[in-house]
**Student:** 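For reference, the structure I am asking about is given below.
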Amino acid sequence: MDIKDFRDKLDAIDDKMAALFKERLAVVREIGLWKKSCGSPTSHGDREKAILARLLPRFDEGLKGYAEDLYREIFRSSKEYQRGLLGIYYVVGKSLKHTWSPDIYVPLGLDYRVKEFTSESELSKFVSKREYSGFNVTIPYKKAVMEMLDEISEEARKIGAVNTVVNRNGKLYGYNTDIGGMRYALAAAGIEVKGKVAAVLGSGGTAMTAEYLLRTGGAREIVKVSRRGPVDYVNVYERKDIEVIVNTTPVGMFPAAEATPIDVSKFPALEGVFDAIYNPLRTALVSSAMAEGIAASGGLPMLVEQGRLAYNLYKDTETDIPVTENLTKQIELKKSNIVLCGMPSSGKSTIGKLLAKVLGREFYDADEMIEKAAGMSIPDMFERFGEGYFRKKEAEAIASLSALNGAVIATGGGAVMSEANRVRLKRNGIAVLIERDNAALVADGRPVSRREGIEALYDKRMPVYREFADLSVSNDASPRDAAESIVRRLFSE
């Protein structure tokens, strides 16, 4: 036999394998359609384990690894084929590294993926292939996508932007569910637009949505603010009559969370502020409005509500507002840092580590972070450079930690005495005060406790802790009890 004979044998085997794989996919298709009809999940890990347990013993020991690799690839491709039958959905945009869209649709049961495009031509190629059941559109393609679609809803056409596309039998329909999302978010925050003078910051697709909402909602006047328009970010302060501000720019979005597009304190008639940004949960703009006693909301309620409305279009079904309310709470809890504050030696670090382990989150100790960055202990820092130097390093650490999502953070005893630190920590954080009997607190290794005395320090700091905290727990029994109490109160009550 020569090499051709061997190749002919392989060809014959490959022909049989191709026929069998085709037959297998036909059965997979039938299963997929059955699952679609009854709403069953695509993946079934136990079934795959059972198949491997049945088949692998048929191979010699040296071949089992190769056989397992082959079957796992068959399982993977079969699942991908089934998902195609059940529906594949995407969010498309230019920069989506930190998108939260999957957190809405995956819990609702969709096979939901993220797709980035650097140009409109790349987007056009994706759209034209129509290898999806639907997709959401975000910055900067809400306008551009419109000319790639077959039909556009009347409302989306009036707005001039599409954020939801549904593929119905190869025909593409465009909608704008942002309008419903924004309407819901403003109402939930108690922001009234009827009869008001409203400023819209930005000029993209979300700005067009905001303008449409304000116009149809009966706003008395809409002031369009942009870098190059007749009203810009300098002369807008001449409009002392502005009562509502809607931010549709990315200014203040993670990771540049310190930025704010406008100074709300310069608008004496201001009653409401809405920021379409959802990461961080409370932008600098929203935080500053709240500090002024102004009704304000970030973009998470809008994101979730527009997602519910898009889901209804995708699946041709009807869900109601409680879906949005429940998902918003779940996502906010998932994305919020749990920030532990309290007196020095109250047990914040110990409780934080236990809490992180229970919740499967990352744990960060602000004081440890400062010591590592400085290459020295905190007492040495106080002794060599003074408290001012330490507080500067502490503020840098807090700024970095505040940009995280879903972490457990233990702060130093004096960290939240700074208003700037409190504002930063609340952007993505739920603050928990750890209380402990003063008799159990120690001053060793803690320069401020040793200098001022525990009782005096307690009297000075506790009012600030209590005002900052969203809830408090006792660490008088044990750190484990305190950690369990936090979990119960945040996730069960």
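Computed from heavy atoms alone, side chains included, the values below leave out hydrogens, waters and symmetry copies.
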**Student:** Do the side-chain N and O atoms of Thr209 and Asn176 include a donor-acceptor pair separated by under 3.5 angstrom?
**Tutor:**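 The answer is yes; a qualifying pair exists.
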**Student:** For the NZ atom on Lys94, are there more than 12 heavy atoms of other groups (residues, nucleotides or ligands in this structure) within a distance under 6.0 Å?
**Tutor:**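 No - once you tally the heavy atoms of other residues, nucleotides and ligands closer than 6.0 Å, there are 12 at most.
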**Student:** Using a 4.5 Å cut-off on heavy atoms from C-beta on, say whether the side chain of Val193 contacts that of Glu243.
**Tutor:**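 Side chain of Glu243 against side chain of Val193, heavy atoms only: no contact under 4.5 Å found.
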**Student:** Between Glu192 (side chain only) and Lys194 (backbone N and O only), is there a donor and an acceptor less than 3.5 Å apart?
**Tutor:**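 The answer is yes, because a donor-acceptor pair under 3.5 Å joins these two groups.
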**Student:** Kindly say whether Ser472 contributes a backbone atom to a donor-acceptor pair with the side chain of Arg489 at under 3.5 angstrom?
**Tutor:**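 Yes, the answer is positive, given that a donor and an acceptor are paired below the 3.5 Å cut-off.
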**Student:** Would you name the heavy atoms of Thr248 and Gly202 that are closest together and state the gap between them?
**Tutor:**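 Smallest interatomic distance, heavy atoms only, reads OG1-CA, 3.6 Å.
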**Student:** Can Asn312 and Thr317 be counted as having a side-chain donor-acceptor contact under 3.5 angstrom?
**Tutor:**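 There is no such pair (donor and acceptor under 3.5 Å, judged by atom type) between the side chains of Asn312 and Thr317.
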**Student:** Just so I know, are the side chains of Ser402 and Asn428 near enough to count as touching, which here means a heavy-atom distance under 4.5 Å?
**Tutor:**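 A side-chain contact is absent here, since even the closest heavy-atom pair is not under 4.5 Å.
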**Student:** Any chance you could measure Leu404, atom CG, to Glu362, atom CD, to the nearest 0.5 Å?
**Tutor:**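 One finds 9.5 Å between CG of Leu404 and CD of Glu362.
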**Student:** How about Val304 and Arg308: do any of their side-chain heavy atoms sit closer than 4.5 Å?
**Tutor:**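 Sidechains of Arg308 and Val304: no contact.
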**Student:** If you measure from the Lys or Arg side-chain nitrogens to the Asp or Glu carboxylate oxygens, is any gap between Arg466 and Glu435 under 4.0 Å?
**Tutor:**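 So Arg466 pairs with Glu435 through a salt bridge.
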**Student:** Working to the nearest 0.5 angstrom, can you tell me the gap between Asn438 CG and Met343 CE?
**Tutor:**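 Between atom CG of Asn438 and atom CE of Met343 there are 6.0 Å.
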**Student:** With a 3.5 Å distance limit and no angle check, can you tell me whether Asp232 reaches the backbone of Ser226 through a side-chain donor-acceptor pair?
**Tutor:**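 Checking the backbone N and O of Ser226 against the side chain of Asp232, no donor-acceptor pair under 3.5 Å is found.
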**Student:** With a 3.5 Å distance limit and no angle check, can you tell me whether Asp476 reaches the backbone of Arg436 through a side-chain donor-acceptor pair?
**Tutor:**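 Not a single qualifying donor-acceptor pair exists.
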**Student:** In terms of side-chain geometry, is the basic nitrogen of Lys426 or Asp470 positioned less than 4.0 Å from the acidic oxygen of its partner?
**Tutor:**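 Looking at Asp470 together with Lys426, the answer is yes, because their closest N to O distance falls below 4.0 Å.
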**Student:** Would Phe385 and Phe390 count as a close aromatic pair, with their ring centres under 6.0 Å?
**Tutor:**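 Ring-ring flag for Phe385/Phe390: false, centres at least 6.0 Å apart.
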**Student:** Whether Glu332 and Arg282 form a salt bridge (side-chain N of Lys/Arg under 4.0 Å from carboxylate O of Asp/Glu) is what I want to check.
**Tutor:**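 Yes, charged N to carboxylate O under 4.0 Å.
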**Student:** Can you check whether Val339's main-chain N or O pairs, donor with acceptor, with Asn337's side chain at less than 3.5 Å?
**Tutor:**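 No; judged by distance alone, with no hydrogens or angles, the pair does not exist.
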**Student:** What is the minimum heavy-atom distance between Ala296 and Ala289, and which atoms define it?
**Tutor:**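 Residues Ala296 and Ala289, closest heavy atoms: CB-CB, 3.8 Å.
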**Student:** What's the separation between atom OG1 in Thr411 and atom CD in Glu394, rounded to the nearest 0.5 Å?
**Tutor:**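 Reported value, rounded in 0.5 Å steps: 8.0 Å.
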**Student:** Check this for me: does any side-chain nitrogen of one of Lys334 and Asp103 sit under 4.0 Å from a carboxylate oxygen of the other?
**Tutor:**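 Between Asp103 and Lys334 there is a salt bridge, with a charged N closer than 4.0 Å to a carboxylate O.
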**Student:** For the residue pair Leu359 and Leu355, establish whether any side-chain heavy-atom pair is separated by less than 4.5 Å.
**Tutor:**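 Answer yes - side chains close enough.
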**Student:** Are the charged groups of Arg424 and Glu258 less than 4.0 angstrom apart, N to O?
**Tutor:**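 So Arg424 pairs with Glu258 through a salt bridge.
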**Student:** Measure across Leu441 and Ile454 and return the closest heavy-atom pair with its distance rounded to 0.1 Å.
**Tutor:**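 For Leu441 versus Ile454, the nearest heavy atoms are O-CD1, 3.4 Å.
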**Student:** For the residue pair Glu371 / Ser377, report whether a side-chain donor-acceptor contact shorter than 3.5 Å exists.
**Tutor:**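 Side chains of Ser377 and Glu371: no pair found under 3.5 Å.
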**Student:** Do the non-hydrogen side-chain atoms of Glu211 and Ser203 ever get within less than 4.5 Å of each other?
**Tutor:**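 They are not in contact (no side-chain heavy atoms under 4.5 Å apart), so the answer is no.
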**Student:** If we check side-chain contact (heavy atoms from CB on, under 4.5 Å) with Leu303, which of these qualifies: Ile331, Thr328, Ile104?
**Tutor:**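 So the option named by the test is Ile104.
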**Student:** Would you please classify the geometry between the Tyr278 ring and the Trp100 ring as parallel, tilted or perpendicular, with 30° and 60° separating the classes?
**Tutor:**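 Ring orientation of Trp100 relative to Tyr278: tilted.
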**Student:** Quick check: Tyr465 with Phe468 (ring centres under 6.0 Å apart)?
**Tutor:**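 Ring-ring flag for Phe468/Tyr465: false, centres at least 6.0 Å apart.
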**Student:** So, Thr118 versus Glu122: side-chain donor-acceptor pair below 3.5 Å or not?
**Tutor:**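 Yes.
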**Student:** If every non-hydrogen atom of Arg422 is compared with every non-hydrogen atom of Val416, which pair is closest and at what distance?
**Tutor:**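 The pair with the smallest heavy-atom distance is NH1-O, 2.8 Å.
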**Student:** Can we say Arg488 and Glu484 salt-bridge, meaning some charged N sits less than 4.0 Å from an Asp/Glu carboxylate O?
**Tutor:**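 Judged by the 4.0 Å cut-off on N to carboxylate O distance, Arg488 and Glu484 do not form a salt bridge.
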**Student:** Using the rule side-chain contact (heavy atoms from CB on, under 4.5 Å), only one of Leu186, Thr206, Thr177, Ile179 pairs with Met302; which is it?
**Tutor:**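 The residue from Leu186, Thr206, Thr177, Ile179 that satisfies side-chain contact (heavy atoms from CB on, under 4.5 Å) with Met302 turns out to be Thr206.
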**Student:** Using every non-hydrogen atom in the two residues, find where Thr350 and Pro479 come nearest and quote the distance to one decimal.
**Tutor:**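 For Thr350 and Pro479, the tightest heavy-atom pair comes out as CG2-CB, 3.8 Å.
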**Student:** Please check: side-chain N/O of Arg113 versus main-chain N/O of Tyr90, any donor-acceptor pairing under 3.5 Å?
**Tutor:**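 No: the side chain of Arg113 does not pair with the backbone of Tyr90.
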**Student:** Quiz question: by atom type and distance under 3.5 Å, do the side chains of Asn136 and Tyr112 form a donor-acceptor pair?
**Tutor:**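 Looking only at side-chain atoms, Tyr112 and Asn136 do form a donor-acceptor pair, the distance falling under 3.5 Å.
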**Student:** Decide if atom CD of Glu68 counts as having more than 12 heavy atoms of other residues, nucleotides or ligands within a radius under 6.0 Å.
**Tutor:**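 Atom CD in Glu68 is packed in, count exceeds 12.
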**Student:** Side chains of Pro301 and Thr324, heavy atoms from C-beta outward: is any pair under 4.5 Å?
**Tutor:**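 With C-beta onward as the side chain, the pair stays apart.
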**Student:** Looking at side-chain heavy atoms only, is the closest gap between Val162 and Lys142 below 4.5 Å?
**Tutor:**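 Result no, sub-4.5 Å side-chain heavy-atom pair not found.
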**Student:** For the pair Asp178 and Asn163, evaluate side-chain hydrogen bond (donor to acceptor under 3.5 Å, both in side chains) and give the outcome as yes or no after the intermediate values.
**Tutor:** CA-CA 7 Å; Asp178 279 340; Asn163 79 306; 3.2 Å; yes
**Student:** Taking the six-membered ring for Trp and the single ring otherwise, decide whether the centroids of Tyr389 and Phe382 are under 6.0 Å apart.
**Tutor:**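 Ring centres of Phe382 and Tyr389 not closer than 6.0 Å.
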**Student:** Can you check salt bridge (charged side-chain N to carboxylate O under 4.0 Å, His left out) on Arg451 and Glu387, steps first, answer last?
**Tutor:** CA-CA 12 Å; Arg451 183 186 71 209; Glu387 185 174 356; 3.1 Å; yes
**Student:** Using 30° and 60° as the class limits, which term best fits the ring planes of Tyr314 and Tyr105: parallel, tilted or perpendicular?
**Tutor:**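 The arrangement is tilted - the two ring planes meet at 30° to 60°.
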**Student:** Under a 3.5 Å distance rule, please check whether Ser288 uses its side chain to pair with a backbone N or O of Leu285 as donor and acceptor.
**Tutor:**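 Here the side-chain-to-backbone pair exists.
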**Student:** Tell me if a side-chain donor or acceptor on Tyr141 pairs with a main-chain N or O of Ser119 at a distance below 3.5 Å.
**Tutor:**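 Yes, Tyr141 side chain to Ser119 backbone: donor-acceptor pair under 3.5 Å.
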**Student:** Give the minimum heavy-atom separation between Tyr233 and Val225, together with the two atoms involved.
**Tutor:**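 Closest approach of Tyr233 to Val225, heavy atoms only: OH-O, 3.5 Å.
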**Student:** Any salt bridge linking Glu221 with Lys196? Criterion: basic side-chain nitrogen under 4.0 Å from a carboxylate oxygen.
**Tutor:**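 No salt bridge links Glu221 with Lys196.
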**Student:** Under a 3.5 Å distance rule, please check whether Tyr237 uses its side chain to pair with a backbone N or O of Asp263 as donor and acceptor.
**Tutor:**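 Yes: the side chain of Tyr237 pairs with the backbone of Asp263.
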**Student:** With the side chain counted from C-beta on, respond yes when Tyr184 and Ile321 share a heavy-atom pair under 4.5 Å apart, and no when they do not.
**Tutor:**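 Sidechains of Ile321 and Tyr184: in contact.
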**Student:** Do side-chain atoms of Glu116 reach the backbone of Ser95 as a donor and acceptor pair under 3.5 angstrom?
**Tutor:**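 Side chain of Glu116 to backbone of Ser95: no pair is present.
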**Student:** From Thr283 OG1 over to Asp275 CG, what is the distance, rounded to the nearest 0.5 angstrom?
**Tutor:**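 Output value for this atom pair is 3.5 Å.
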